[in-house]
Amino acid sequence: MIYILLALAILPGIFISIHVYRKDLYEKEPLSYAIRAFMFGILSVFPATIGYLFFEDYFTGPKNLLKTFVYAFGVVAFFEELAKFIFLRLYFFRHREFNEPY
């Protein structure tokens, strides 16, 4: 059962990555570079988790729709996107392969 859940969590990201890689018409990045970017995306979960654990105490207690909405989109999503941006900015923007928008 756990393997099915793991596959359901990872496969959409893999399929989207393959689609984006195949749609790059002009100057494809090396495949190892694309795999590295995917792995950094997976690793970005750990600093994001540390970030939103600081705000977890404020959002514990009685739940309501507004509190859940703010926690999901204002705290969790913010820290996850921030972690991905930091990986992009500090690692991938420095490489010469990162030379065109998709």
- Item | I10 side, atom CD1; L5 side, atom CG - distance, nearest 0.5 Å | 11.0 Å
- Task: Only counting residues at least two apart or in another chain, list the ones meeting ring pair (Phe, Tyr, Trp, His ring centres under 6.0 Å) with F46.
- Result: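 Testing F46 for ring pair (Phe, Tyr, Trp, His ring centres under 6.0 Å), a comparison that skips the adjacent residues, returns none.
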- Message: Give me each pair satisfying salt bridge (Lys or Arg N to Asp or Glu O under 4.0 Å) with a member in residues 71-82, each pair once, sequence neighbours excluded.
- Response: E81-K84
Are [Y] and [X] co-members of a hydrophobic cluster defined by side-chain heavy atoms under 4.5 Å apart?
X: F40; Y: Y33; answer: yes
X: Y21; Y: F38; answer: yes
X: V45; Y: V75; answer: no
X: L82; Y: Y71; answer: yes
X: F78; Y: I50; answer: yes

- Query: If we only count heavy atoms from C-beta on, is the I35 to L31 side-chain gap below 4.5 Å?
  - Reply: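 SC-SC contact between I35 and L31 confirmed.
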Holding to side-chain contact (heavy atoms from CB on, under 4.5 Å), I want the full list of residues that pass it with [X], two or more places apart in sequence or in another chain.
X: L90; result: I86, R94
X: L65; result: none
X: R89; result: F85, F93

- Message: For F79 versus A48, what's the shortest heavy-atom pair and its separation?
- Response: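 That would be O-CB, 3.5 Å.
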- Task: Mind running side chain to side chain contact (heavy atoms under 4.5 Å, CB included) on I14 and I18 for me, showing each step along the way?
- Result: CA-CA 6 Å; I14 292 173; I18 290 170; 3.9 Å; yes
- Message: Applying side chain to side chain donor-acceptor pair (under 3.5 Å) as the test, list every pair that has at least one member in residues 36-55; sequence neighbours left out.
- Response: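 Qualifying pairs, neighbours excluded: R36-Y91.
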